[in-house]
There are 2 protein chains.
Amino acid sequence: MAEDKVFTISELAAMFDISSRTIRYYEEIGMLTSENRDSLTKQRSYSNGERRRLKMILRGKKLGFSLQEIKEMIDLYESNPEGESEKSRIISFADSKLREIEEQIMQLQMLREDILTYKEKYENSRVKT
Amino acid sequence: MAEDKVFTISELAAMFDISSRTIRYYEEIGMLTSENRDSLTKQRSYSNGERRRLKMILRGKKLGFSLQEIKEMIDLYESNPEGESEKSRIISFADSKLREIEEQIMQLQMLREDILTYKEKYENSRVKT
DNA sequence: AACTATGCTAACGTTAACGTCAACTAGGAG
DNA sequence: CTCCTAGTTGACGTTAACGTTAGCATAGTT
């Protein structure tokens, strides 16, 4: 597979409909890395790994998490914990995030129901054409 | 029922664990109203209606919506549309919000699965005690 | 009367998450 | 060589969503 394709910053930006500045900002705060920069031109290039990472960040944003929260979650994904206490810490962090997410899902389902109810109220009051 | 109970601003704030400033701010941007202010002391007082409204705002926030988006949704709830075109507009707004919410639910479920997978990976690598 | 608690307005301060702009560099196109 | 396109690094600007502080008023307590 052509899994070794690399992208320029503007390709990546266009791909997700964000600005290059946003990508640089994510690097600035340590959420993305740009290794393999051209040693002469200093231009950034991104692998499929970084592309996936960016995709995760944007998913998190759409779900209403802050960049800090997203960073913690991604660190969770990419951590390789040494020792039992480290593992326990990660597992309990995961558990608390899971509870938070499940709570959000429930609330969203309630909101959905609410909107559906109000919508139907209007639909049933429509004049037959 | 004692549905006619009213609350002071700090009671309401304590009730939802937010600041009084936040409540005043929501009023500032037109998301809450404080009718029935004491004509002499100018102190705000809130009815159960306003309490529910605030609750909806905070739910929206927890779900990652901006105050502007929340305002539009609440306006939807409280609108009393005149005429068919107004109704259609509201119904299509509701539909688009519903799709957005359903998309969010799906994404959250995927995120949940992802975290579960990673968590189990760690759990299975734990040493038996 | 003095004090304390609660609330008010007005206004400036703060943080996250970028937007924007200037000044520069390297790589082609003609 | 000249021009144009992409990209780079500062650095200052902006917006949402409040926090904080000052100065004042009112109501209840001692």
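Please read these numbers as outputs of a predicted model, since none were measured by experiment.
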Calculate the interatomic distance between Q43(A) atom CD and dG28(C) atom C1'; express it in whole Å. 12 Å
Taking only the side-chain nitrogens and oxygens of T22(A), find out if one of them lies under 4.0 Å from OP1 or OP2 of dA17(C). no
Can you tell me which nucleotide in dT8(D), dG27(C), dA17(C) comes closest to the side chain of T41(A)? dG27(C)
Salt-bridge contact E78(B)-R53(B) (side-chain N to carboxylate O under 4.0 Å): yes
Scan side-chain atoms only and decide if S88(A) and S85(A) contain a donor-acceptor pair under the 3.5 Å cut-off. no
Are E27(B) and R37(B) close enough, and set up right, to give a salt bridge (Lys or Arg N to Asp or Glu O under 4.0 Å), and what steps lead you there? CA-CA 13 Å; E27(B) 183 181 336; R37(B) 287 171 67 156; 3.6 Å; yes
Taking NZ from K61(A) and C1' from dA16(C), how many angstroms apart are they, rounded to a whole number? 9 Å
Ignoring backbone atoms, establish whether R44(A) has a side-chain N or O less than 4.0 Å from OP1 or OP2 of dG7(D). no
K62(A) NZ - dA17(C) P separation (whole Å): 18 Å
Do the side-chain N or O atoms of T8(B) get closer than 4.0 angstrom to the phosphate oxygens (OP1, OP2) of dG7(C)? yes
Taking A13(B)'s backbone N and O only, do any of them form a donor-acceptor pair with S20(B)'s side chain (distance below 3.5 Å, no angle check)? no
Starting at atom CD of E27(B), determine the distance to atom C1' of dC8(C), rounded to an integer number of angstrom. 11 Å
Phosphate oxygens OP1/OP2 of dA16(D): is one of them under 4.0 Å from a side-chain N or O of K71(B)? no
Nearest-Å distance for atom pair CD1/C1', residues I18(B) and dC18(D): 11 Å
Describe the nucleic acid contact of S19(B) in one word from base, sugar-phosphate, nothing, applying a heavy-atom distance below 4.0 Å. sugar-phosphate
Starting at NZ of K97(B), measure out to CD of E69(B) and round the result to the nearest 0.5 Å. 4.0 Å
Would you mind classifying the nucleic acid contact of S20(A) as base, sugar-phosphate or nothing, using non-hydrogen atoms under 4.0 angstrom? nothing
dT20(C) phosphate, OP1 or OP2: any side-chain N/O from R21(A) under 4.0 angstrom? no
Between dG7(D) (C1') and Y46(A) (OH): distance, integer Å: 11 Å
Which part of the nucleic acid, if any, lies within reach of I29(A) when heavy atoms closer than 4.0 Å are counted: base, sugar-phosphate only, or nothing? nothing
Can a side chain N or O of Y26(A) be found less than 4.0 Å away from OP1 or OP2 on dA17(C)? no
Please give, in whole Å, the distance from dA16(D) P to M31(B) CE? 13 Å
Taking C-beta and beyond as the side chain, do L111(B) and F65(A) meet within less than 4.5 Å on heavy atoms? yes
Scan L67(A) against the nucleic acid and name what it touches under 4.0 Å (heavy atoms): base, sugar-phosphate only, or nothing. sugar-phosphate
Which residue lies more 5' along DNA chain D, comparing D38(B) with Y25(B) via nearest heavy atoms: Y25(B)
Is any side-chain nitrogen or oxygen of R24(B) closer than 4.0 Å to OP1 or OP2 of dT20(D)? no
Given atom CD of E11(B) and atom P of dT6(C), what is their separation to the nearest angstrom? 11 Å
